[in-house]
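The block underneath contains the structure these notes are about, expressed in structure tokens.
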Amino acid sequence: MTFGKGARLHLIDGSAYIFRAYHALPPLTRKSDGLPVGAVAGFSNMLWKYISDQQGGDAPTHAAVIFDHSSKTFRNEIYSDYKANRPPPPEDLRPQFPLTRDATRAFNIACIETEGYEADDIIAALACQARDAGGEVTIISSDKDLMQLVGDGVTMLDPMKNKVIGPDEVAEKFGVGPDRVVDVQALAGDSVDNVPGAPGIGIKTAAQLINEYGDLETLLARAGEIKQPKRRQTLIDHAEQIRISKRLVELDCDTPLDFTLDSLEVKEPDATALLTFLSEMEFRTLTNRVAEKLGAEAPAVASATPSEVAAAPEQPAIDASSYRNTVDRAALDQWIADIRERGYVAIDTETTGLDEMQADLVGISLATEPGKATYIPLGHVAGGDDLFGQSQRLEGQMDLDEVLAALKPVLEDPAILKIGQNLKYDWKILRRHGITMTPIADTMLMSYALNAGTHNHGMDELAERYLGHKCIPIKDLIGSGKSQITFAQVDLDKAGAYAAEDADVTLRLYQHFAPMLPDQRVTTVYETLERPMVPVLGQMEMAGIRIDGDVLKRMSNAFAQKMAQLEDEIHELAGQSFNVGSPKQLGEILFDKMGLPGGKQGKTGAYSTSADVLEDLAVDHDLPARVLDWRQISKLKSTYTDALPTYVNKDTGRVHTSYSIAGAQTGRLASTDPNLQNIPIRSEEGRRIREAFVAASGHKLVSLDYSQIELRILAHVADIPALKQAFRDGIDIHAMTASQMFNVPVEGMDPMIRRQAKAINFGVIYGISGFGLSRNLRIPRAEAQAFIDTYFERFPEIRAYMDQTVADAKRDGFVRTLFGRRINTPGINQSGPAAGGARRAAINAPIQGAAADIIRRAMIRMPDAIRNLPAQMLLQVHDELVFEVEDGAVDELIAVARDIMENAAEPAVKLSVPLVVDAGQGVNWAEAH
DNA sequence: GCCCTCACG
DNA sequence: GACGTACGTGAGGGCT
């Protein structure tokens with residue numbers, strides 16, 4: 001097609017892609033030879049995503065990726081310091097530049113660079129030509145220097161935010177239209193590119209001046225009329241420098257091009273060329289993905305590191321058709337003999353659901369070496385509808401009890417390792433059948449010890465990342481949504497392929513991860529903080545906690561009444577009826593109809609109606625105050641009083657949460673289905689929900705919680721003498737902080753002062769900012785910043801610790817807790833706003849993580865310590881453990897459990913501050929806490 | 001399935 | 001000079 005009317009040209013800013021890819025990804029290297037390829041990988045992924053996204057009716061007819069060629073351009077002749085303070089590209093990025101060109105060509109997209117010109121110049125020339133020929137141009141970049149090109153026929157697209165940048169967006173950024181952007185840039189200058197501009201003038205002022213005088217030349221000619229003396233003098237003194245700046249930022253249409261627009265026509269990628277490139281780069285996931293999409297065979301991708309090869313030589317490909325179901329005793333006995341001989345087995349159970357307390361066992365799969373796996377179907381039924389709602393058991397399955405009886409000695413044999421993925425699930429299922437698996441290994445927890453912070457640890461993700469294998473999705477077997485069936489209804493062949501594959505994959509993951517634990521120095525973490533959690537949490541979850549449904553029911557009714565009443569009042573105040581629960585509708589009422597102050601927020605453009613905002617409005621208005629009340633009650637009702645009773649198990653009459661061991665980045669547990677780690681306590685109405693968590697008759701609930709554990713850890717790791725002494729002396733730590741900061745005595749301290757010190761103490765743990773503290777305390781930002789400055793002056797060790805932690809994270813790509821837990825920090829070397837978040841997370845992780853380690857250590861020792869007491873450990877809430885104890889044994893339990901908790905760090909770590917545990921007891925959780 | 005909001009440590 | 005801002009979670013309801 002000849003370029004002309006109707007043609008659509010996409011111009012991709014290649015250099016921006018490269019740097020974004022480089023900073024967004026950890027420093028990957030090609031496994032076979034160590035060549036750095038992280039940026040190439042990210043770049044290729046972005047190109048692939050771009051191509052995949054361009055399938056609609058407005059897909060481009062022409063496209064090109066444009067690169068910068070060299071750092072010296074004609075602009076250096078205009079101004080020798082242009083881009084002079086830009087650091088050279090990182091060592092490991094440099095060899096990747098030519099590879100990104102290769103990648104572009106492999107994707108069959110035109111690849112353009114010209115000696116002596118920046119990518120921006122070429123983009124400008126192409127955009128002009130294409131526009132003049134009657135085509136439409138989209139520049140894929142968020143570079144502000146390109147915004148001057150926006151106009152008729154030319155738009156930009158921010159590839160990260162997927163947001164179109166048109167004249168309005170340009171005006172929003174620069175305060176002037178695209179045609180005046182260069183004037184503003186000339187005045188404001190640019191520190192990144194070292195464009196001087198006019199000193200003391202930023203974009204805001206520049207836009208104001210240009211809007212007042214029309215354009216830059218008029219402004220410079222009439223500079224003498226400017227009222228502000230300093231500004232006037234600046235413009236007069238620096239007129240020449242400003243004109244040079246304009247020439248630096250200005251892009252013109254006359255960059256010589258040695259090719260035509262027609263040559264940029266979009267072509268289909270050549271499958272062979274593309275797949276060859278990707279497999280040579282050893283991008284396994286992308287190779288497979290591209291092959292699948294193009295309907296081509298993926299070439300083999302080299303993968304294994306030397307240590308992996310040693311662990312698992314010549315693994316056969318994962319092939320679901322190679323497995324055979326085990327359906328008779330002779331075959332089962334053979335498997336058992338094989339397992340006994342080897343001393344290990346990978347195991348996976350298939351059930352009718354996700355709730356281990358309710359799901360029925362449907363089958364068991366086993367694997368003993370890569371490629372050697374089987375499925376033992378036990379409870380499969382006919383799929384279709386049956387006569388009386390009775391399910392028809394399928395032929396060709398062994399008897400469940402017989403199989404379990406045969407496997408039990410193996411599964412409980414202390415000399416045979418049972419390997420699983422998320423083995424807590426299978427452990428609980430089998431425990432319900434009287435089998436207690438031990439010893440165990442868990443590939444999910446191995447990955448967590450190694451890779452926390454980098455990615456999640458589900459089997460499908462691990463298989464894809466580390467084995468280059470895409471597992472059969474469960475949805476392919478049981479469907480989804482309303483028509484979903486249970487695994488019991490899946491036919492035996494399909495079930496066998498799926499289940500045996502899971503065991504096979506688990507075994508391979510085990511072989512992959514096992515040698516890496518010592519390599520990465522996380523063996524101790526895995527062995528002492530991860531693996532032992534499985535039986536401990538398994539028992540806690542199976543114990544469950546009793547809930548008084550009547551109490552919740554009564555509260556729910558009361559809440560319903562109160563909500564209805566509040567709703568009426570709110571509608572009355574609003575003058576119309578609307579859904580109070582809809583932030584969208586509420587925002588429109590508050591800000592459009594009533595005209596209250598409080599602007600738009602967020603990328604969706606919706607009004608924020610968060611509690612923060614409503615609290616400010618509530619000072620002068622009744623409606624937001626009522627909405628706050630309504631929200632609180634609505635939350636309590638829907639999330640707690642209504643939802644909790646639905647989780648009561650029919651058989652046990654108790655609620656059984658499930659803890660994720662590998663869910664949180666820091667080592668904390670997370671509680672789901674239901675979440676029992678966020679039961680209300682801060683408000684009085686909410687706190688009463690805890691009255692419904694009750695002990696069995698003749699028992700009490702006992703709660704033990706660590707006092708200030710994170711601050712104590714901070715005092716220890718950052719080695720802060722004043723803080724450590726205060727903890728040793730048992731002084732009120734927030735009052736002590738306030739006393740040090742504001743030079744007031746601890747005795748008779750103003751509670752407000754103490755409150756502020758407390759907020760700062762917590763803020764420090766989170767990587768404090770003046771902004772955050774000012775919002776939290778509702779004080780002016782300058783005041784908050786002054787507090788923080790004083791704090792760091794009084795406790796300089798904290799600043800040093802924070803700087804050191806961030807430096808470590810930047811150097812290593814991870815931080816560690818006192819106990820060696822490794823938390824990876826990808827993104828710590830990013831630049832821009834995202835870096836702030838990564839920094840704070842890196843500062844917080846060792847503190848939050850060490851606290852998590854300590855309570856894990858206590859929990860792991862607890863079952864043995866309390867084995868002779870009539871007591872059970874039921875819940876963990878980050879720094880709190882909840883027990884159910886017979887009435888007569890409460891005091892003894894408290895003594896024993898407190899001792900374990902207070903000494904949990906030892907002997908691994910000798911803390912320089914004491915750990916203190918507070919205890920409470922009662923018939924319900926509200927009393928006990 | 002995403003966003004907003006809010007419950008906890 | 002501007003950006004976006006406390007760390008870590010899970011769940012329910014609205015809306016598309």
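Computed from a predicted structure; not experimentally measured. Numbered from 1 within each chain, the chains take letters A, B, ... in sequence-line order.
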- Does the side chain of L881(A) reach to within under 4.5 Å of the side chain of I855(A), using non-hydrogen atoms?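 They are in contact (side-chain heavy atoms under 4.5 Å apart), so the answer is yes.
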[M] and [N], which share atom name [atom1], separated by this distance in whole Å:
N	M	atom1	value
dA7(B)	dC3(C)	P	31 Å
dC8(B)	dG4(C)	C1'	25 Å
dC6(B)	dA2(C)	C1'	31 Å
dC2(B)	dA6(C)	P	23 Å

Please report, rounded to the nearest Å, how far the [atom2] atom of [N] is from the [atom1] atom of [X].
X	N	atom1	atom2	value
W925(A)	dC8(B)	CH2	C1'	9 Å
K637(A)	dG13(C)	NZ	P	9 Å
F559(A)	dG13(C)	CZ	C1'	18 Å
I847(A)	dG9(B)	CD1	P	19 Å
Q830(A)	dG4(C)	CD	P	14 Å
I679(A)	dA7(B)	CD1	P	12 Å
I681(A)	dT9(C)	CD1	P	22 Å
I765(A)	dT9(C)	CD1	P	16 Å

Distance criterion of 3.5 Å, no angle test: do you see the side chain of [X] paired donor-to-acceptor with the base of [N]?
X	N	answer
Q677(A)	dC8(B)	no
R839(A)	dT5(C)	no
K635(A)	dC6(B)	yes

Can you tell me which nucleotide in [options] comes closest to the side chain of [X]?
X	options	value
Q848(A)	dA11(C), dC7(C), dC4(B)	dC7(C)
S638(A)	dG10(C), dG13(C), dG9(B)	dG13(C)
A664(A)	dT5(B), dG8(C), dG9(B)	dG8(C)
D673(A)	dA11(C), dG14(C), dG10(C)	dA11(C)
F771(A)	dG8(C), dT5(C), dA6(C)	dT5(C)
R631(A)	dT5(C), dG9(B), dC6(B)	dC6(B)
A670(A)	dG9(B), dA6(C), dG10(C)	dG10(C)
T609(A)	dT5(B), dG9(B), dC6(B)	dT5(B)
P680(A)	dA7(B), dA11(C), dT5(B)	dA7(B)

Can you tell me if [X] touches the phosphate of [N], counting only side-chain N or O atoms and a distance under 4.0 Å to OP1 or OP2?
X	N	result
S683(A)	dC8(B)	no
S610(A)	dC4(B)	no
N844(A)	dA6(C)	no
R775(A)	dT5(C)	no
R682(A)	dG9(B)	yes
Q585(A)	dC15(C)	yes

- Query: Stem ranges for DNA chain C, with three or more consecutive Watson-Crick or G-U pairs under 3.5 Å?
  - Reply: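 Runs of three or more consecutive pairs: B:1-9 with C:7-15.
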Counting only N and O atoms by type, is there a donor-acceptor contact under 3.5 Å from the side chain of [X] to the main-chain atoms of [Y]?
X	Y	value
N824(A)	F814(A)	no
Q756(A)	L777(A)	no
H571(A)	Q576(A)	no
N924(A)	E927(A)	yes
Y448(A)	E530(A)	no

- Task: Give me the residues of residues 705-714 of chain A where at least one heavy atom lies under 4.0 Å from an atom of DNA chain B, by number, or none.
- Result: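 None - not one residue of the stretch has a heavy atom sitting under 4.0 Å from the strand.
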Mind checking [X] for me? I need base, sugar-phosphate or nothing, with any heavy atom below 4.0 Å counting as a touch.
X	value
Y640(A)	sugar-phosphate
N678(A)	base
A643(A)	sugar-phosphate
R781(A)	base
A845(A)	nothing
S634(A)	nothing
S582(A)	sugar-phosphate
R840(A)	sugar-phosphate
A784(A)	nothing

- Query: Taking for each residue the nucleotide of DNA chain C bearing the nearest heavy atom, is the 5' side occupied by G770(A) or by L669(A)?
  - Reply: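 Looking at DNA chain C, the more 5' nearest nucleotide goes with G770(A).
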- Message: Nearest heavy atom decides the nucleotide; on that basis, is G763(A) or Q665(A) closer to the 5' end of DNA chain C?
- Response: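 The answer here is G763(A).
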Between the side chains of [Y] and [X], is the shortest nitrogen-to-carboxylate-oxygen separation below 4.0 Å, so that they form an ion pair?
X	Y	answer
R778(A)	E615(A)	yes
D190(A)	K144(A)	yes
R668(A)	E710(A)	yes
E567(A)	R626(A)	no

- Query: Which atom names give the shortest non-hydrogen contact between E541(A) and Y659(A), and what distance separates them?
  - Reply: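 In this case the closest contact between E541(A) and Y659(A) is OE2-N, 2.9 Å.
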- Looking just at side-chain N and O atoms, do T817(A) and D853(A) make a donor-acceptor pair shorter than 3.5 Å?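 Side-chain D/A pair, T817(A) to D853(A): present.
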- Quickly, which of D879(A), L915(A), I733(A), D918(A) forms a side-chain contact (heavy atoms from CB on, under 4.5 Å) with S707(A)? Name it, please.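 Of all the options given, the one that passes is D918(A).
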- Message: Pair F795(A), Y791(A) - check ring-ring contact (aromatic ring centres under 6.0 Å, His included), show working.
- Response: CA-CA 6 Å; F795(A) 307 105; Y791(A) 188 91; 5.0 Å; yes
